[in-house]
Asker: 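Here it is, the structure in full.
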Amino acid sequence: MDATDITTPTPPDDYDSPWKEVSGRFFPQLVEFFAPDLYAIIDWSAGYEFLEQELREMLRDAETGPRRVDKVVKVRTLSGKPLYLVLHVEIQVSRESGFPRRMFVYFYRLYDLYPEQVVSLAILADEEPDWEPKSYEYALHGTELEFGYRTVKIWEYNGRWAELEKDPNPFALVVMAHLKTKATRGKARERLAWKVNLVRQLYERGYERKDVLELFRFIDWLLVLPEEMTKSFRQRIEEIEQESKMKYVTSIERLGRREGRQEGLRDVVLALFEEKFGPPDAPI
């Protein structure tokens with residue numbers, strides 16, 4: 001660790017809100033990245049729908065706890081049949097014994113409404129390599145149940161970094177940002193270097209302007225820097241934009257200053273996006 005990092009800790013990390021937003025904005029890409037077989041059978045031209053009411057009903061009297069991202073999404077398969085995807089992103093720092101049961105509760109509540117049309121996907125974003133619960137089992141006096149569900153372990157992508165850097169899917173960048181946020185906790189200067197690195201990769205991927213801004217917002221939100229390093233980071237972003245000849249982020253920052261806003265870069269970007277695309281949780 002750099003000696004300067006000992007006296008320059010990183011601020012507390014927030015994973016839940018950024019994941020909530022990015023999984024809504026880039027839902028098809030999320031499915032393509034984490035479940036390519038599912039992506040291949042969905043008719044994306046038919047659109048998709050976030051079922052907020054159904055989700056509220058599912059969670060109304062269920063203990064879900066902090067740091068979790070849950071979505072229920074209705075899609076159509078290429079055969080024309082509806083499919084209901086229960087998406088659960090688990091952002092825990094340690095294993096939780098009640099997680100498999102909660103996955104089962106989510107499933108059977110939605111299955112009650114849409115029998116034979118429900119798929120459950122859990123994205124495990126914790127830091128324990130050997131914790132990957134895949135099923136819930138119940139047995140009592142001859143009554144037995146085994147419920148299996150799909151899981152993806154983000155920790156495993158640590159060994160696939162070269163693959164992530166080459167993958168054009170936005171969620172490759174999301175996963176890299178998530179892993180480096182955890183790896184640089186308490187290491188401010190190392191975090192600054194990785195944050196600049198990830199933003200540079202973002203600009204080199206050739207995404208549309210609105211996608212660059214949204215993914216920048218995710219990176220900026222996740223990899224929080226101490227206040228004294230913010231100026232240095234913004235200077236590096238200006239250099240990257242000059243090199244790429246794409247004035248995306250710094251132009252929005254200047255807009256915020258002209259309007260006299262005090263929220264900071266992250267809030268300026270949010271205000272601009274909400275003005276144009278609606279609130280973060282609104283369906284695309």
Side-chain angles (χ1 to χ4, degrees), residues 19-59 68-90 100 102-125 132-136 145-154 156-157 160 163-164 166-176 178 205-212 214-215 218 277-284:
W19 268 96
K20 225 174 238 181
E21 190 167 316
V22 79
S23 61
R25 292 290 185 188
F26 296 100
F27 175 71
Q29 294 92 331
L30 179 151
V31 177
E32 182 181 26
F33 186 82
F34 291 117
D37 59 319
L38 274 181
Y39 181 87
I41 67 169
I42 294 174
D43 181 5
W44 294 103
S45 66
Y48 52 94
E49 180 184 0
F50 291 102
L51 304 179
E52 300 301 331
Q53 180 59 38
E54 284 79 355
L55 179 61
R56 281 194 291 271
E57 286 296 317
M58 288 168 59
L59 304 183
R68 300 186 179 107
V69 178
D70 301 291
K71 291 184 182 296
V72 175
V73 191
K74 179 182 178 181
V75 296
R76 286 199 173 273
T77 65
L78 292 172
S79 64
K81 294 182 179 180
L83 182 69
Y84 296 86
L85 176 62
V86 180
L87 172 65
H88 181 87
V89 182
E90 181 72 8
R102 188 167 67 253
M103 288 297 297
F104 172 64
V105 170
Y106 285 10
F107 170 80
Y108 81 67
R109 291 188 179 188
L110 194 62
Y111 182 84
D112 222 13
L113 298 173
Y114 310 107
E116 301 179 5
Q117 297 171 312
V118 183
V119 173
S120 297
L121 170 63
I123 300 174
L124 305 177
E132 190 171 359
K134 294 177 178 289
S135 64
Y136 171 71
L145 168 74
E146 182 176 356
F147 166 69
Y149 47 88
R150 301 175 64 111
T151 61
V152 176
K153 187 77 171 179
I154 289 184
E156 294 176 355
Y157 286 93
R160 300 165 60 181
E163 178 185 332
L164 290 173
K166 294 177 182 177
D167 192 334
N169 190 304
F171 265 86
L173 204 59
V174 166
V175 168
M176 285 192 286
H178 181 91
R205 286 171 174 248
Y207 296 142
E208 293 183 6
R209 183 176 187 273
K210 63 182 179 63
D211 293 338
V212 170
E214 184 61 35
L215 290 166
F218 178 83
F277 300 107
D281 291 332
I284 299 175

Asker: Taking the side chain as every heavy atom from C-beta outward, state whether Leu124 and Pro133 have any atom pair closer than 4.5 Å.
Answerer: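 Yes, side chains in contact.
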Asker: What heavy-atom pair brings Leu78 and Ile42 nearest, and what distance separates the two atoms?
Answerer: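 Closest approach of Leu78 to Ile42, heavy atoms only: CD2-O, 3.9 Å.
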Asker: Quick one, Val72 and Arg109 - any side-chain contact, counting heavy atoms below 4.5 Å?
Answerer: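 No, every pair of side-chain atoms sits at 4.5 Å or beyond.
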Asker: How many angstroms lie between atom CZ of Arg160 and atom NZ of Lys166, to the nearest 0.5 angstrom?
Answerer: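 Going from CZ on Arg160 over to NZ on Lys166, the span is 13.5 Å.
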Asker: If I take atom NZ from residue Lys210 and atom CG from residue Leu215, how far apart are they, to the nearest 0.5 angstrom?
Answerer: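 Rounded to the nearest 0.5 Å, the NZ-CG separation comes to 10.0 Å.
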Asker: Under 4.0 Å between a Lys/Arg side-chain N and an Asp/Glu carboxylate O for Arg102 and Asp70?
Answerer: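 Not counted as a salt bridge, because no side-chain N and carboxylate O are separated by less than 4.0 Å.
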Asker: Does any part of the side chain of Val31, heavy atoms only, come nearer than 4.5 Å to the side chain of Val75, both counted from C-beta?
Answerer: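 Not in contact.
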Asker: What residue pairs, at least two apart or across chains, pass salt bridge (Lys or Arg N to Asp or Glu O under 4.0 Å) with a residue in residues 75-84?
Answerer: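 Applying salt bridge (Lys or Arg N to Asp or Glu O under 4.0 Å) to every pair that reaches into residues 75-84, excluding sequence neighbours, yields nothing.
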Asker: Would you say the side chain of Ser120 lies within less than 4.5 Å of the side chain of Tyr106, judging by non-hydrogen atoms?
Answerer: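 They are not in side-chain contact.
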Asker: Got a donor-acceptor contact below 3.5 angstrom from the Arg205 side chain to the Asp167 backbone?
Answerer: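 The answer is yes, because a donor-acceptor pair under 3.5 Å joins these two groups.
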Asker: Do Leu30 and Val22 come within less than 4.5 Å of each other through their side chains, counting heavy atoms only?
Answerer: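 A side-chain contact under 4.5 Å is absent here.
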Asker: Distance check, rounded to the nearest 0.5 Å: Met103 atom CE versus Lys134 atom NZ?
Answerer: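 Result: 11.5 Å between the selected atoms.
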Asker: What verdict does the side chain to side chain contact (heavy atoms under 4.5 Å, CB included) test give for Phe107 and Val86, after you've listed the backbone C-alpha separation in whole Å, the side-chain angles of each residue and the deciding distance to 0.1 Å?
Answerer: CA-CA 7 Å; Phe107 170 80; Val86 180; 5.9 Å; no
Asker: Does the plane of the ring in Phe171 sit parallel, tilted or perpendicular to the ring in Phe34? Use 30° and 60° as the thresholds.
Answerer: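 It falls in the perpendicular class, over 60°.
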Asker: Between Ile123 and Leu87, is the side chain to side chain contact (heavy atoms under 4.5 Å, CB included) condition met? List the steps.
Answerer: CA-CA 8 Å; Ile123 300 174; Leu87 172 65; 3.9 Å; yes
Asker: With sequence neighbours left out, write down each residue that passes ring pair (Phe, Tyr, Trp, His ring centres under 6.0 Å) with Phe104, or none if nothing qualifies.
Answerer: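 Partners of Phe104 by the ring pair (Phe, Tyr, Trp, His ring centres under 6.0 Å) criterion, ordered by chain and then number, come out as Tyr108, Tyr136, Phe147.
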Asker: If every non-hydrogen atom of His178 is compared with every non-hydrogen atom of Ala125, which pair is closest and at what distance?
Answerer: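 Looking at all heavy atoms of both residues, the closest pair is NE2-O, 3.2 Å.
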Asker: What's the separation between atom CG in Leu83 and atom CG in Asp43, rounded to the nearest 0.5 Å?
Answerer: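 With rounding to 0.5 Å, CG (Leu83) is 12.0 Å from CG (Asp43).
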Asker: Nearest 0.5 angstrom please: His88 NE2 to Lys71 NZ, how far?
Answerer: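 Separation between the atoms: 13.0 Å.
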Asker: Just to verify, which of Phe27, Phe26, Tyr157, Tyr39 counts as forming a ring pair (Phe, Tyr, Trp, His ring centres under 6.0 Å) with Phe33?
Answerer: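 Filter result, single survivor: Tyr157.
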